Amino acid sequence: MSTARPLKKLVSCIILDLDGTLLNTDGIVSEVLKVYLGKYGKQWDGREVQKIAGKTPFEAASAVVEDYGLSCTTNELLSEITPLFSNQWCNIKALPGSNRLIKHLSGHRVPMALASNSPKENIETKLSFHQGWKESFSVVIGVDEVGSGKPSPDIFLEAAKRLNVEPSSCLVIEDSIPGVTAGKAAGMEVVAVPSIPKQSNLYTSADEVINSLLDLRPELWGLPPFQDWIKDTLPIEPWHIGGPVVKGFGRGSKVLGIPTANLSTEGYASLLSEHPSGVYFGWAGLSTRGVFKMVMSIGSNPYFNNTEKTIEPWLLHDFDEDFYGEELHLIIVGYIRPEANFSSLESLIERIHEDGRIAEEALELPLYSKYKDDSYLKIST
């Protein structure tokens, strides 16, 4: 992106967490616990996500046993669910920006370590399902190789020792509060990428808080910058979503003067969890009207403080009438910016129009325009 920002501090290496930072582990955890707790007549409602994020397996299991009042011991729970988790490691997807970051740092020979509160054997298994990851890390450390797990600094200090660098020259990238605490206790710089929605206010000890790895700016830390932003947009692996247009919050046209063609999120919780909140763009196909440029927000829309993650596409075309109920297919091809709050309605509206202008221009580029002919957009009626 073009906006210049001052250098924060020079670092020479990066230490990454794994679960929740590079890998979308939360979905697998929820699925396994949902099945397991069902045996006890309990229903997993996700309330433990914040408590177990960044914890060691034993600490996480202990929290589940206590909060759900299970009759088993922590060790019994671990022995039963560990095989269930092991069967699912192959299904864990890389979080957006993970492959890009690892490839970028590896290509520029920036030393990298992986330091996780998981046992080393589990880490190695997870890494094996992601091509090129294991060999990109000079050091891989599991919680079973140090005295104490995060929030103790032990694992990060050991990583620095094995990298043969001073802790103060390391940049830690973490998604959890225990991980951020451990990094700062080790005397390192820390970038937090909160894995729990709407919790960034809890990460005040981090040196920087970003929405996702897509927003990381290595040059702020004296590292080689990404060179893949094009006209204020970041190309991403295209993905699809579709369904009938539904009535939204009634604020698009009335409050913002920007009519959005909202999609229901029902049935898309898993897909939405794979994509960070933010502003994206691409192409929209309507069953009876054709294909149009579009820009869209995914998230809670902080200005209006939605309670749930929503999808709000704005088709960049003037329509004469509403088209509620019409089938809408979207192909998302690029990313513009993270979700943000605004001090006034006017500033929000101004930014939305700027997003629209960026999308409108970018979609003329062959890199993006080729997707206009994607078969997914041609809806048979």
Side-chain angles (χ1 to χ4, degrees), residues 96 197-198 200 211-212 214-215 232-234 236 238-287 289-319 321-360 362-363 368 371 376-377 379:
K198 304 173 78 169
S200 59
N211 188 59
S212 77
L214 298 176
D215 304 307
D232 293 326
T233 68
L234 177 66
I236 61 173
W239 56 280
H240 302 154
I241 192 167
V245 177
V246 300
K247 286 185 179 291
F249 298 95
R251 63 186 179 221
S253 298
K254 296 176 184 176
V255 178
L256 300 172
I258 299 166
T260 54
N262 296 290
L263 288 175
S264 170
T265 57
E266 188 174 346
Y268 287 119
S270 178
L271 177 63
L272 290 180
S273 74
E274 297 173 13
H275 300 283
S277 296
V279 176
Y280 299 80
F281 67 98
W283 296 96
L286 281 167
S287 54
R289 300 166 194 265
V291 176
F292 306 92
K293 295 176 179 179
M294 72 86 191
V295 63
M296 63 183 260
S297 69
I298 297 178
S300 60
N301 201 326
Y303 184 83
F304 294 104
N305 197 25
N306 295 354
T307 55
E308 297 179 353
K309 206 171 186 180
T310 59
I311 313 165
E312 300 183 44
W314 175 25
L315 276 57
L316 302 173
H317 179 82
D318 291 327
F319 294 94
E321 58 186 356
D322 292 331
F323 40 86
Y324 295 122
E326 189 165 337
E327 193 70 15
L328 172 66
H329 284 191
L330 307 175
I331 178 166
I332 297 89
V333 300
Y335 174 76
I336 295 177
R337 63 174 176 86
E339 185 174 62
N341 204 347
F342 293 87
S343 58
S344 68
L345 184 63
E346 291 72 25
S347 59
L348 169 61
I349 293 171
E350 183 180 350
R351 185 64 238 232
I352 293 173
H353 280 286
E354 174 69 5
D355 295 332
R357 183 194 62 76
I358 291 171
E360 185 94 44
L363 286 165
Y368 299 128
Y371 293 104
Y376 182 73
L377 301 174
I379 308 166

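Since the structure is predicted, the reported quantities are computational estimates derived from the model, not experimental observations.
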**Q** Would you sort out whether Y280 and H275 count as a side chain to side chain contact (heavy atoms under 4.5 Å, CB included), showing the intermediate values?
**A** CA-CA 10 Å; Y280 299 80; H275 300 283; 4.2 Å; yes
**Q** Test side chain to side chain contact (heavy atoms under 4.5 Å, CB included) on I298 and I332; report intermediate values, then the result.
**A** CA-CA 11 Å; I298 297 178; I332 297 89; over 6 Å; no
**Q** How would you list, by chain and number, every residue that makes a ring-ring contact (aromatic ring centres under 6.0 Å, His included) with W314, sequence neighbours excluded?
**A** H353
**Q** Parallel, tilted or perpendicular, judged at 30° and 60°: which one describes the rings of Y376 and H240?
**A** parallel
**Q** Excluding sequence neighbours, so at least two apart, what forms side chain to side chain contact (heavy atoms under 4.5 Å, CB included) with S347?
**A** F342, S343, S344
**Q** Kindly write out the residues that satisfy side chain to side chain donor-acceptor pair (under 3.5 Å) with D355, not counting sequence neighbours, or none if the list is empty.
**A** R337, R351
**Q** Checking V333 against L363 for the side chain to side chain contact (heavy atoms under 4.5 Å, CB included) test, could you report, in this order, the C-alpha distance in whole Å, the side-chain angles of both residues, the deciding distance, and whether it holds?
**A** CA-CA 9 Å; V333 300; L363 286 165; 4.2 Å; yes
**Q** Could you tell me which residues satisfy salt bridge (Lys or Arg N to Asp or Glu O under 4.0 Å) with E360, sequence neighbours excluded, listed by chain and number?
**A** K293
**Q** Judged by atom type as modelled, is there a donor-acceptor pair below 3.5 Å linking the side chain of N211 to the main-chain atoms of S277?
**A** yes
**Q** Got a second to check how far Y368's OH is from T233's OG1, nearest 0.5 Å?
**A** 3.0 Å
**Q** Who passes side chain to side chain contact (heavy atoms under 4.5 Å, CB included) against F319, sequence neighbours left out?
**A** L286, R289, F292, L315, H317, F323
**Q** Using distance alone, with no hydrogens and no angle criterion, decide if Y335 and S212 have a side-chain donor and acceptor under 3.5 Å apart.
**A** no
**Q** Looking at CG of L348 and CD1 of I258, how far apart are the two atoms once the value is rounded to the nearest 0.5 Å?
**A** 7.0 Å
**Q** Just jot down the side chain to side chain contact (heavy atoms under 4.5 Å, CB included) partners of A359, sequence neighbours excluded, or say none.
**A** F281, V295, L316, I336
